[in-house]
Amino acid sequence: MKFTKTLVAAALLVGASGAQASVQLSTDAFKGGSEFILTLWDQAGAKSYTLDLGLTVAAFKADVTAPHSWTISSSTDANFASVLSNADFAGLQYSVVGGQQKASSAAEYPTVGYGLYTTLNSQNTQADLQGRYGTANMTNLNGSLQKLSTYLGVVNTAQGGVVDVAQNLSDFQTSDKPAYAGKNWSGNIGGSMGGVASNLDLVGTAMHFEYVGGSTASKPVYTEYDNVWNFTLNTVGGVTTGTLTYDAIPAAVPLPATAWMFLSGVMGLLSFKRRKSAV
C-alpha cells in the first residue's frame with residue numbers, strides 16, 4: 001500500500017509564529033527511532049529548509065519495500081516558499097535521514113535497529129561508507145548519531161519549549177541561524193564523515209538509502225535498501241510543488257516487438273542500398 005502525504009498546514013502552524021518543526025528525536029526518549037527528515041539546501045543562497053516527514057524508523061523498518069510519497073506546495077508552506085525564493089533550482093540539494101541512537105533493551109534492536117539511515121549520492125558507494133565507519137567498532141558511527149541528535153535537537157526547538165511530535169512541520173533557516181543545514185549538518189553529517197559530501201545530491205537525482213548500525217556493542221553492519229529516494233520540483237502558474245518519493249527503481253521499458261521489426265526493416269533497407277551502390 002502506498003503511503004502518500006500532502007503537507008499543506010505547515011505555513012499556518014509555523015510561518016507566522018516562528019515555531020520550528022517538532023521532530024521525533026533519535027534518542028531513547030522516543031522508542032521507535034527518530035522521524036525521517038527532508039533537508040533542502042540552497043548552498044549558494046546560504047539558506048536551508050527542513051521537513052518532518054512523520055515517518056519513524058520503526059514504521060519504515062516494518063516494511064522497507066513499501067513506497068512512500070510526500071507533496072509540498074509553495075502556496076501553503078511559507079518556509080518552502082522562502083527557501084525557493086531567488087534560488088537556482090538546478091543547484092538545490094536534498095537529503096533524507098533518520099536514526100536510532102540507542103534502544104532501551106536488546107529486544108528492541110530487531111524492530112528498530114541502532115544506527116543511521118541516510119541517503120547516499122551517486123558519487124559514493126557502500127564501500128565508501130565502510131571506509132568512514134569501519135568494521136571493527138561503533139565509535140565513528142556513534143559520532144554521526146550524536147551529530148544527528150544535535151541537529152534534530154536544534155531544529156526541534158519549538159515555540160515555548162514545548163515539543164509536539166504529532167505536528168509534522170517545516171522550518172526555514174538562513175546561515176546566521178543555529179539550525180542552518182550548512183552549519184550543523186551539510187552533506188557530511190556534521191563533519192563526521194571526513195568532510196565528504198555523501199548524503200546530499202541535486203534535486204531530481206535519485207539516491208540510494210543506506211543503513212549503518214547494529215547494537216551498541218557490535219561491529220557495524222551495512223544494508224542498502226532496494227528502493228531509492230527522489231525529490232523533484234515543478235512550477236505551474238507561479239506555484240512550485242515539491243514531490244518526495246521513496247519507491248522502487250524504475251524498470252527499463254522494453255521496446256515493443258513492432259519497433260524492433262521497424263528497426264530491422266530500416267537496417268535491411270540501408271544494407272540493400274549499400275549493396276546496390278557497390279554494383
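Note that the numbering runs from 1 along the sequence shown for the chain.
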> Hey, what do you get for CG (Asp171) to CZ (Phe80), rounding to the nearest 0.5 Å?
Replying inline: 14.5 Å
> Which atom names give the shortest non-hydrogen contact between Ala181 and Ser48, and what distance separates them?
Replying inline: N-OG, 3.0 Å
>> Distance check, rounded to the nearest 0.5 Å: Asp247 atom CG versus His68 atom NE2?
In response: 9.5 Å
>> Counting C-beta onward and ignoring hydrogens, is there a side-chain heavy-atom pair between Leu120 and Asp128 closer than 4.5 Å?
In response: no
>> If hydrophobic clusters are built by linking Ile, Leu, Val, Met, Phe, Trp and Tyr wherever their side-chain heavy atoms come under 4.5 Å apart, do Val83 and Phe89 end up in the same one?
In response: yes
>> Please confirm whether the ring centroid of Tyr211 lies under 6.0 Å from the ring centroid of Tyr225.
In response: no
>> Go through it in stages, so that I can follow the logic: the residues are Asp42 and Leu92, the test is side chain to side chain contact (heavy atoms under 4.5 Å, CB included), and I'd like the CA-CA distance, side-chain angles, deciding distance and then a yes or no.
In response: CA-CA 5 Å; Asp42 177 9; Leu92 293 177; 3.5 Å; yes
>> Within the 4.5 Å heavy-atom criterion, are Thr241 and Thr71 side-chain neighbours or not?
In response: yes
> Does a side-chain heavy-atom distance below 4.5 Å link Thr223 with Val64?
Replying inline: no
> If you round to the nearest 0.5 Å, how far is OG1 of Thr232 from CG of Asn230?
Replying inline: 6.0 Å
> Quick check: does any side chain N or O of Ser82 sit under 3.5 Å from a backbone N or O of Ala78, one acting as donor and the other as acceptor?
Replying inline: yes
> Mind checking whether Tyr49 and Leu84 have side chains closer than 4.5 Å, heavy atoms only?
Replying inline: no
> Any chance CG of Asp176 has more than 12 other-residue heavy atoms, nucleotides or ligands included, within less than 6.0 Å?
Replying inline: yes
> Quick check: does any side chain N or O of Ser74 sit under 3.5 Å from a backbone N or O of Thr240, one acting as donor and the other as acceptor?
Replying inline: yes
>> What I'd like to find out is whether the side chain of Trp41 reaches to under 4.5 Å of the side chain of Tyr180, using heavy atoms alone.
In response: yes
>> Keeping Tyr222 on the side-chain end and Ala127 on the backbone end, is there a donor-acceptor pair under 3.5 Å?
In response: no
> Do Thr119 and Phe36 come within less than 4.5 Å of each other through their side chains, counting heavy atoms only?
Replying inline: no
> So Tyr117 and Phe209, would you call those rings parallel, tilted or perpendicular, with 30° and 60° as cut-offs?
Replying inline: tilted
>> What I'd like to find out is whether the side chain of Asp52 reaches to under 4.5 Å of the side chain of Leu169, using heavy atoms alone.
In response: no
>> Once rounded to the nearest 0.5 Å, what's the spacing between atom CE of Met207 and atom CG of Leu202?
In response: 9.0 Å
> Which pair of non-hydrogen atoms, one from Val228 and one from Ala206, has the smallest distance, and what is that distance?
Replying inline: CG2-CB, 4.2 Å
>> With clusters defined by side-chain heavy atoms of hydrophobic residues (ILVMFWY) lying less than 4.5 Å apart, directly or transitively, does Trp70 cluster with Val203?
In response: yes
>> Using a 3.5 Å distance criterion without hydrogens, assess whether the side chain of Trp229 forms a donor-acceptor pair with backbone atoms of Val96.
In response: no
>> Check for me whether the distance between the ring centres of Tyr246 and Phe60 falls short of 6.0 Å.
In response: yes
> Once you round to the nearest 0.5 Å, how far does CG of Leu200 lie from CG of Leu40?
Replying inline: 9.5 Å
>> For a quick test of reading the model, state the closest non-hydrogen atom pair linking Phe172 to Asn79 and the distance between them.
In response: CB-OD1, 3.5 Å
>> Is there a side-chain contact between Gln123 and Asp201 in this structure, where contact means two heavy atoms from C-beta onward sitting under 4.5 Å apart?
In response: yes
> For Asp63 and Thr65, does a side-chain donor sit closer than 3.5 Å to a side-chain acceptor?
Replying inline: yes
>> Would you compute the distance between atom CD of Gln93 and atom CD of Gln43 and round it to the nearest 0.5 angstrom?
In response: 5.5 Å
>> Testing the basics here: between Ala66 and Asn227, what is the closest heavy-atom pair and its distance to 0.1 Å?
In response: O-ND2, 3.9 Å
